Amino acid sequence: MSDDLPGATLNPFRVPSGPLGRLAGWVMGRDDSAHRQVLGLLAAKTGACVCEIGFGPGQLLKLLVARDSAVQVCGVDPSPVMLAQAHRRLSRLGAAERADLRLGVAGALPFPDRHADHVVAVNTAAMWPDLQAALVDTRRVLRPGGTLLIAWHSARSPRRIQRTLAQPEAWWGETATALRQVFGNVERHDLTYTTACTATAS
Ligand SMILES: C[S@@+](CC[C@H](N)C(=O)[O-])C[C@H]1O[C@@H](n2cnc3c(N)ncnc32)[C@H](O)[C@@H]1O
């Protein structure tokens, strides 16, 4: 995992563990403004399967199951603390049975080929050790016509710490190039609280 993200205070947010990790999950769970904007980029298709990589405390998963009572969600996160928090969040909404959440990392998704209509990664892709390998594995999991969405804090995010974490244009350039190489296409979305790139599987 790269260590070049600014801000030592970010550490408990990388792979949250122990009491500090639980606190980090609580902090992340207080603000879903960026996740709401990400949700708006995901075409609502009743009964779709959405896979989230690095779901953290489950903010986006919560919005997904609330938007569509038939959506199926699945995903991976390497943190047992985040797995427990996300599971609790979905259970509170009565959606645990529609969720297949597992411990795991980007690049080794434990799901079959053509499993998902969308794969989403919010505020996590800059932490992955091998973006290219992760994209290739993501493409495997996507159905034809399915989309991958990678989002990260924007310089206009609501909290100061989030704004300081906004990635430089060079990172977005590298990410767009990698997406184009694997998917053959890429689209950029500059929203208020988040910056995102999407790519569609052929
Ligand atoms: C800053 S949190 C963001 C969580 C959530 N996506 C959100 O927006 O609230 C980063 C998350 O990525 C997860 N993560 C870290 N390294 C990862 C990897 N290699 N593959 C998948 N997830 C990873 C962490 O465990 C953590 O839950």
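Note that this is a predicted model, so its numbers are computed, not measured. Note that ligands are numbered from 1 as they come in the structure, with each ligand's atoms numbered from 1 the same way.
Counting non-hydrogen atoms of neighbouring residues, nucleotides and ligands closer than 6.0 angstrom, the CZ atom of R180 exceeds 12 such neighbours.
When non-hydrogen atoms are compared, ligand 1 lies under 4.0 Å from neither the backbone nor the side chain of V76.
In plain terms, the two heavy atoms of C74 and H115 that are nearest each other are SG-CD2, 3.9 Å.
Looking at ligand 1, you won't find any N or O of Q59 less than 3.5 Å from one of its N or O atoms. The shortest N/O to N/O separation between P129 and ligand 1 does not fall below 3.5 Å. Remark: ligand 1 and D77 share an N or O pair separated by less than 3.5 Å (distance only, no angle test). Annotation: V122 places an N or O atom under 3.5 Å from an N or O atom of ligand 1; distance criterion only. Taking distance alone, with nitrogen or oxygen atoms compared against 3.5 Å, V15 stays at or beyond that limit from ligand 1.
For the pair R22 and W26, the cation-pi criterion (under 6.0 Å, within 45° of the ring axis) is not fulfilled.
Between the side chain of S154 and the backbone N or O of R156, at least one donor-acceptor pair lies under 3.5 Å.
Within the structure, the closest approach of M28 to ligand 1 falls below 4.0 Å when heavy atoms are considered.
When T198, L135, V122 are each tested for a side-chain contact (heavy atoms from CB on, under 4.5 Å) with I150, only one passes: L135.
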